[in-house]
K.L.:
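One structure coming up, written as structure tokens, with questions to follow.
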Amino acid sequence: ASSWYHHMIGQAPLFQALLCNWLVAFNRQVQGCVTALAKPLRGCQVVQLGVMDYVAVASPAYTQTHCPAGLTAHALRNMSFLAFNRKDDLQARFVRKVCGLKTPGLQQNFLPSAHGRVRAAMDGWGATVVPLLQVQALLQSGQLCDLAPTVRLPVALYWHCWKLESVLLQSLTDALRRGATAALAH
């Protein structure tokens, strides 16, 4: 989920200033997170931000070697997927959607970094499922291949933050909501 707000931060100096003030005001303690969970975490309020499309990608060389016909049930036997951690089910959800498999048994390696997984995919380590916003330029330049160009996995995103009476926290929540409205589907 990091790609849309990294894009927003890069485009908005006011948001950068707000974020810096927010971090200082809360002594660099976590006050919120963006997640795919709709149910509020304990002690938190939740704000729906929008829907982000995810895509399956791999390097051109990996694609040619392991899945020249794209993401198919047959190709899965020769493929390795890069996931964030063991709880990351995006790869399996994407494969279920594309191939119609009830419980795909995927070979997975874990790399707990959104940018690290993209870099590893570019270096030929395997395929990964990541936000389209994060890799759109890499797909357009040919540095990555879209393994299922007609398929997108929509993931709803939510902002969870503590239920606090705080002008700064409310300002950050409002800024996230505005940025998500501009960058995400609703």
Side-chain angles (χ1 to χ4, degrees), residues 1-16 19 33-36 49-85 87-101 104 106-159 175-186:
S2 67
S3 59
W4 68 269
Y5 61 79
H6 283 295
H7 175 75
M8 181 178 66
I9 288 170
Q11 301 299 316
L14 178 61
F15 184 80
Q16 290 175 347
L19 183 61
C33 64
V34 175
T35 179
L49 296 173
V51 176
M52 181 177 288
D53 284 337
Y54 280 69
V55 295
V57 299
S59 72
Y62 189 90
T63 301
Q64 186 60 39
T65 303
H66 299 282
C67 49
L71 190 56
T72 64
H74 179 72
L76 291 176
R77 292 181 297 174
N78 302 316
M79 294 179 67
S80 179
F81 283 85
L82 306 167
F84 188 83
N85 60 25
K87 293 180 182 180
D88 180 358
D89 69 343
L90 287 172
Q91 281 61 226
R93 286 171 52 196
F94 197 93
V95 167
R96 276 196 300 271
K97 184 172 183 174
V98 172
C99 301
L101 300 173
L106 304 178
Q107 297 177 45
Q108 294 192 102
N109 294 304
F110 304 106
L111 229 159
S113 163
H115 295 288
R117 282 195 332 278
V118 170
R119 185 74 231 163
M122 290 172 62
D123 289 342
W125 291 18
T128 191
V129 176
V130 292
L132 177 58
L133 268 173
Q134 183 180 4
V135 295
Q136 200 153 27
L138 297 170
L139 290 168
Q140 290 170 346
S141 71
Q143 294 177 71
L144 286 174
C145 295
D146 188 336
L147 301 180
T150 62
V151 178
R152 300 292 180 256
L153 180 66
V155 176
L157 298 176
Y158 302 88
W159 166 245
L176 283 169
R177 186 181 290 130
R178 283 191 305 275
T181 298
L184 303 177
H186 293 275

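For clarity, every value in this text was computed on a predicted model and none was experimentally measured. Positions are given from 1 along the sequence.
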K.L.:
Go through it in stages, so that I can follow the logic: the residues are Met52 and Val34, the test is side chain to side chain contact (heavy atoms under 4.5 Å, CB included), and I'd like the CA-CA distance, side-chain angles, deciding distance and then a yes or no.
P.N.:
CA-CA 12 Å; Met52 181 177 288; Val34 175; over 6 Å; no
K.L.:
Please round to the nearest 0.5 Å and tell me the distance separating atom CZ of Arg117 and atom CD of Gln134.
P.N.:
7.0 Å
K.L.:
With sequence neighbours left out, write down each residue that passes side chain to side chain donor-acceptor pair (under 3.5 Å) with Arg96, or none if nothing qualifies.
P.N.:
none
K.L.:
Decide yes or no on side chain to side chain contact (heavy atoms under 4.5 Å, CB included) for Leu90 and Arg93, but give the supporting numbers first.
P.N.:
CA-CA 5 Å; Leu90 287 172; Arg93 286 171 52 196; 3.8 Å; yes
K.L.:
In chain order, what residues pass the ring-ring contact (aromatic ring centres under 6.0 Å, His included) check against Tyr158, with sequence neighbours excluded?
P.N.:
none
K.L.:
Could you list the donor-acceptor pairs under 3.5 angstrom formed between side-chain atoms of residues 106-113 and any protein atom two or more places apart in sequence or on another chain?
P.N.:
unit_1: Gln107; atom_1: NE2; unit_2: Arg77; atom_2: O; d: 3.1
unit_1: Asn109; atom_1: ND2; unit_2: Ser80; atom_2: OG; d: 2.9
unit_1: Ser113; atom_1: OG; unit_2: Gly116; atom_2: N; d: 2.8

K.L.:
Search all heavy atoms of Ala58 against all heavy atoms of Gly126 and return the closest pair with its distance.
P.N.:
CB-O, 4.0 Å
K.L.:
Show the nearest heavy-atom pair for residues Val55 and Phe94, with the distance to one decimal.
P.N.:
CA-CE1, 3.9 Å
K.L.:
Taking only residues two or more places apart in sequence or in another chain, which ones pass salt bridge (Lys or Arg N to Asp or Glu O under 4.0 Å) with Asp53?
P.N.:
none
K.L.:
Which value, rounded to the nearest 0.5 Å, describes the distance between Leu153 atom CG and Leu132 atom CG?
P.N.:
12.0 Å
K.L.:
Just grab all the salt bridge (Lys or Arg N to Asp or Glu O under 4.0 Å) pairs involving residues 128-138, residues at least two apart or on different chains.
P.N.:
none
K.L.:
Applying side-chain contact (heavy atoms from CB on, under 4.5 Å), can you list everything that pairs with Asn85, at least two apart in sequence or on another chain?
P.N.:
Lys87, Asp88
K.L.:
By side-chain contact (heavy atoms from CB on, under 4.5 Å), which residues pair with Ala121, not counting sequence neighbours?
P.N.:
Leu82, Thr128, Leu144
K.L.:
Which pair of non-hydrogen atoms, one from Leu184 and one from Val51, has the smallest distance, and what is that distance?
P.N.:
CB-O, 3.7 Å
K.L.:
Enumerate the residue pairs fulfilling salt bridge (Lys or Arg N to Asp or Glu O under 4.0 Å) with a member in residues 140-152, sequence neighbours excluded, ordered by first and then second residue.
P.N.:
Asp146-Arg152
K.L.:
Which residues satisfy the side-chain contact (heavy atoms from CB on, under 4.5 Å) test with Ser59, sequence neighbours excluded?
P.N.:
Ala61, Tyr62
K.L.:
Going from CG on Asn78 to NE2 on His66, what distance comes out if it is rounded to the nearest 0.5 angstrom?
P.N.:
7.5 Å
K.L.:
Holding to side-chain contact (heavy atoms from CB on, under 4.5 Å), I want the full list of residues that pass it with Ala73, two or more places apart in sequence or in another chain.
P.N.:
Cys99, Leu101
K.L.:
For residues 121-143, which residue pairs qualify under salt bridge (Lys or Arg N to Asp or Glu O under 4.0 Å), counting only residues two or more places apart or in two chains?
P.N.:
Arg119-Asp123
K.L.:
Write down the atom of Cys145, the atom of Thr63, and the distance for their closest heavy-atom approach.
P.N.:
CB-OG1, 3.5 Å
K.L.:
Out of curiosity, Leu133 CG to Tyr54 OH, how far, rounded to the nearest 0.5 Å?
P.N.:
9.5 Å
K.L.:
With sequence neighbours left out, write down each residue that passes side chain to side chain donor-acceptor pair (under 3.5 Å) with Gln143, or none if nothing qualifies.
P.N.:
Ser141
